[in-house]
Amino acid sequence: MSAVNITNVTVLDNPAAFLNPFQFEISYECLVALKDDLEWKLTYVGSAEDETYDQLLESVLVGPVNVGNYRFVFQADPPDPTKIREEDIIGVTVLLLTCSYLGQEFIRVGYYVNNDYDDEQLREEPPPRVLIDRVQRNILADKPRVTKFPINFHPEANENGEPPAPSPPGQPNGEAQEPPKEE
């Protein structure tokens, strides 16, 4: 059983201009008091073929985490368009919201993001170079992909007294779950 359950994630300011900050209202419950902070991260996938274009947009520590219900707004700057190949700016990509404890990722919420021009004429006849100030992003907030990973929230309870090695994200031990409620 997890010590922390994400009860809701609401995408705020959506759709929005590509250069607007991302905002998520995150609600979660903590079932057992934790000694360390939770680490929340937001990553923008810049290219489906090459992860070197991924951008960590924000990483925040939230704590202390005692038993109870919590809610906060997580805000992150938009991706730097100069670090994305021009052919990958327009179209569909992915945004990953993750939470870790003691370096162990225990939940990942993935959203598809559609980036397109805010004007019908620009969509039909795209200019030779991307006009970033005319690009609008739309996070498909009603269909997140939620994956939970089992972790040890209390590594001091191990028999050998050493914390377990964190399992790398994307390991097959994650199980897909129903998405959190969207308001």
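All values below were derived from every heavy atom in this structure, side-chain atoms included, with hydrogens, water molecules and symmetry-related copies excluded.
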Locate the shortest heavy-atom distance separating Pro81 from Phe18; write the atom from each residue and the value. CB-CE2, 4.2 Å

Using the side-chain contact (heavy atoms from CB on, under 4.5 Å) rule, take Asp116 and Val135 through it: C-alpha gap first, then chi angles, then the decisive distance, then the call. CA-CA 5 Å; Asp116 208 345; Val135 176; over 6 Å; no

Please tell me whether Phe24 and Trp40 form a close aromatic pair, meaning their ring centres lie under 6.0 Å apart. no

Same apolar cluster: Val9 and Val45, side chain cutoff 4.5 Å: no

Can any side-chain N or O of Ser27 pair as donor or acceptor with the backbone N or O of Thr7 at less than 3.5 Å? no

Roughly how far, to the nearest 0.5 Å, is OG1 of Thr98 from CD of Glu39? 7.5 Å

Are any non-hydrogen side-chain atoms of Leu57 and Pro79 less than 4.5 angstrom apart? yes

Just say parallel, tilted or perpendicular for the rings of Tyr28 and Tyr70, cut-offs at 30° and 60°. parallel

Residue pair Leu96 / Gly110: nearest heavy atoms and the distance that separates them: CD2-CA, 3.9 Å

Hey, does the side chain of Asn5 reach the backbone of Glu29 with a donor-acceptor pair shorter than 3.5 angstrom? no

Same apolar cluster: Val11 and Leu19, side chain cutoff 4.5 Å: yes

I would like to know whether Thr93 and Ile84 meet side-chain contact (heavy atoms from CB on, under 4.5 Å); could you show each step before the answer? CA-CA 11 Å; Thr93 189; Ile84 304 170; over 6 Å; no

Look at the side chain of Glu58 and the backbone N and O of Phe74, then say whether any donor-acceptor pair between them is shorter than 3.5 Å. no

Just jot down the side-chain contact (heavy atoms from CB on, under 4.5 Å) partners of Gln121, sequence neighbours excluded, or say none. Asp119

Using the rule that two of Ile, Leu, Val, Met, Phe, Trp, Tyr join whenever any of their side-chain heavy atoms come within less than 4.5 Å, decide whether Leu56 and Ile139 are in one cluster. no

Atom of Ala33, atom of Val67 and distance for their closest heavy-atom approach: N-CG2, 3.6 Å

Qualifying ring-ring contact (aromatic ring centres under 6.0 Å, His included) pairs with a residue from residues 116-146, counting only residues at least two apart or across chains: none

Is there a donor-acceptor contact under 3.5 Å from the side chain of Arg108 to the main chain of Phe149? no

Just how far is it from atom OG1 of Thr43 to atom CD of Glu51, taken to the nearest 0.5 Å? 11.0 Å

N/O donor-acceptor pair under 3.5 Å between Gln55 side chain and Gly46 backbone: no

Phe106 and Tyr101: aromatic ring centres closer than 6.0 Å? no

Shortest non-hydrogen separation from Arg137 to Pro21 and the atoms involved: NH2-O, 2.9 Å

Given Leu140 and Tyr111, is the side-chain contact (heavy atoms from CB on, under 4.5 Å) satisfied, shown in steps? CA-CA 6 Å; Leu140 303 180; Tyr111 294 96; over 6 Å; no

Hydrophobic cluster membership, Val109 vs Val62, 4.5 Å side-chain cutoff: yes

With rounding to the nearest 0.5 angstrom, report the CG to CD1 distance, Leu97 to Ile6. 8.0 Å

Using only atom types and a distance under 3.5 Å, with no angle test, would you say the side chain of Gln104 pairs donor to acceptor with the backbone of Asn152? yes

Least distance between heavy atoms, Asp13 atom then Ala16 atom: O-CB, 3.2 Å

Please test Asn138 against Asn14 for side-chain contact (heavy atoms from CB on, under 4.5 Å), starting from the C-alpha separation and ending with a verdict. CA-CA 6 Å; Asn138 185 9; Asn14 186 51; 3.6 Å; yes

Tyr112 vs Val94 side-chain heavy atoms within contact, under 4.5 Å: yes

Over 12 foreign heavy atoms within 6.0 Å of CD, Glu120: yes

Cation over ring, Arg85 on Tyr53, under 6.0 Å and within 45°? yes

Are Val146 and Leu38 connected in a single hydrophobic cluster, I mean Ile/Leu/Val/Met/Phe/Trp/Tyr linked by side-chain heavy atoms less than 4.5 Å apart? yes

Among residues at least two apart in sequence or on other chains, which ones pass side-chain hydrogen bond (donor to acceptor under 3.5 Å, both in side chains) with Asp37? none

Compare every heavy atom of Glu86 with every heavy atom of Arg129, then report the nearest pair and how far apart it is. CA-OE2, 3.0 Å

When rounded to the nearest 0.5 angstrom, what distance separates CG in Asn20 from CD in Gln75? 9.5 Å

